[in-house]
Amino acid sequence: GDLFQPNKTRCIAADFYRKLIENTSKPLAQVESVDIDKIVGHDRDKAAFMPSPNQAGTIFLRLMIPVDEVILQANCHEQGAVSATRLIVACRRYELDHGELPPTLDALVPDYLDAVPVDPFDGKPFRYVRDRAIVYSIGKDLVDAGGSETPAIGWNPDGANEQPWETEDAVFYIHGRPEKPGEESE
């Protein structure tokens, strides 16, 4: 009877997803972590083998509820890619009209963009390096490495990283990724 309470389990799952949805509109740096133990009322000091109310529901929730950090990072990746694309198009349009890239991203406002898109990881404007013709996001480590493409910890260090999110900063090229020495163009 007490080991599985379907209605309580459903309510706990709804609370989790409400908090997760609330977090999706915030930059990752401002996200409040969703503590599933707190939501289900789990007492960490209590022995795991001791029966507790809705224990089967709690186990079910732990198996079924995704890790909120993974979902929020995926959301940031999608928002970041869209923002970077908007910036690249605006920079290219500016370049066609003026013969050179804009001096700053602020020069794109209001003729090419309503506002400079924000980095979904820290809520600050996207970064720009005119000399390298890149726009970039600081990524999940929340550290501005100046547009570094050094592989992030845990990613492939041989340079075979294909996704911008696999490096210290997520770098997007305005004129396309330059060829590395030894690469053949297609």
Side-chain angles (χ1 to χ4, degrees), residues 16-34 66-186:
F16 172 83
Y17 283 108
R18 255 187 235 102
K19 290 177 184 192
L20 188 64
I21 290 167
E22 194 177 292
N23 279 334
T24 58
S25 63
K26 299 177 186 176
L28 195 64
Q30 297 172 2
V31 166
E32 299 169 27
S33 183
V34 181
V67 178
D68 62 325
E69 184 178 327
V70 172
I71 293 172
L72 295 172
Q73 281 185 21
N75 182 46
C76 288
H77 291 179
E78 293 301 318
Q79 288 179 11
V82 169
S83 294
T85 302
R86 290 181 60 226
L87 282 168
I88 290 168
V89 170
C91 285
R92 294 297 300 264
R93 288 183 56 214
Y94 183 99
E95 186 177 34
L96 288 171
D97 292 347
H98 298 91
E100 62 184 4
L101 289 173
T104 66
L105 293 179
D106 290 328
L108 300 172
V109 177
D111 294 334
Y112 302 94
L113 296 168
D114 293 334
V116 176
V118 297
D119 186 332
F121 284 93
D122 69 353
K124 295 178 182 173
F126 248 77
R127 280 70 169 181
Y128 170 62
V129 180
R130 182 180 182 190
D131 296 340
R132 290 178 52 205
I134 63 168
V135 293
Y136 68 94
S137 163
I138 63 169
K140 69 180 180 180
D141 66 358
L142 303 176
V143 175
D144 185 349
S148 170
E149 292 186 90
T150 301
I153 295 172
W155 291 102
N156 188 356
D158 70 2
N161 299 318
E162 296 295 324
Q163 298 297 318
W165 308 107
E166 297 173 356
T167 56
E168 288 180 334
D169 292 331
V171 176
F172 300 88
Y173 289 89
I174 295 170
H175 297 117
R177 181 180 292 279
E179 287 185 27
K180 294 178 185 174
E183 278 186 357
E184 294 181 26
S185 60
E186 295 179 22

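Starting from 1, each residue takes its place in the sequence as its number.
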K.L.:
List the atom of Y128, the atom of V135, and the distance in Å for their closest heavy-atom pair.
P.N.:
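For Y128 and V135, the tightest heavy-atom pair comes out as CD1-CG1, 3.9 Å.
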K.L.:
Once rounded to the nearest 0.5 Å, what's the spacing between atom CG of L108 and atom CG of D114?
P.N.:
12.0 Å
K.L.:
Closest heavy-atom contact between L113 and R86?
P.N.:
CD2-NH2, 3.6 Å
K.L.:
In Å, rounded to the nearest 0.5 Å, how long is the span from CZ of F172 to CG of L87?
P.N.:
10.0 Å
K.L.:
Apply side chain to side chain contact (heavy atoms under 4.5 Å, CB included) to S83 and D119, showing your working.
P.N.:
CA-CA 8 Å; S83 294; D119 186 332; over 6 Å; no
K.L.:
Run the side chain to side chain contact (heavy atoms under 4.5 Å, CB included) check on R92 and I174 step by step: do they pass?
P.N.:
CA-CA 7 Å; R92 294 297 300 264; I174 295 170; 3.6 Å; yes
K.L.:
Look up atom OG1 in T104 and atom CG in L101, then write down how far apart they are to the nearest 0.5 Å.
P.N.:
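Reported to 0.5 Å precision, the distance equals 11.5 Å.
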K.L.:
Atom CZ in R130, atom CG in L105: separation rounded to 0.5 Å?
P.N.:
11.5 Å
K.L.:
For Y94 versus P103, what's the shortest heavy-atom pair and its separation?
P.N.:
OH-CD, 3.6 Å
K.L.:
Just jot down the side chain to side chain contact (heavy atoms under 4.5 Å, CB included) partners of D144, sequence neighbours excluded, or say none.
P.N.:
R127, Y136, I138, D169
K.L.:
Please report the interatomic distance CG(L96) to SG(C91), rounded to the nearest 0.5 Å.
P.N.:
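These two atoms lie 11.5 Å from each other.
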K.L.:
How long is the gap from CD on E149 to CZ on R132, to the nearest 0.5 Å?
P.N.:
6.0 Å
K.L.:
Angle class for the H98/Y112 ring planes (parallel below 30°, perpendicular above 60°, tilted otherwise)?
P.N.:
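H98 vs Y112 ring planes: perpendicular.
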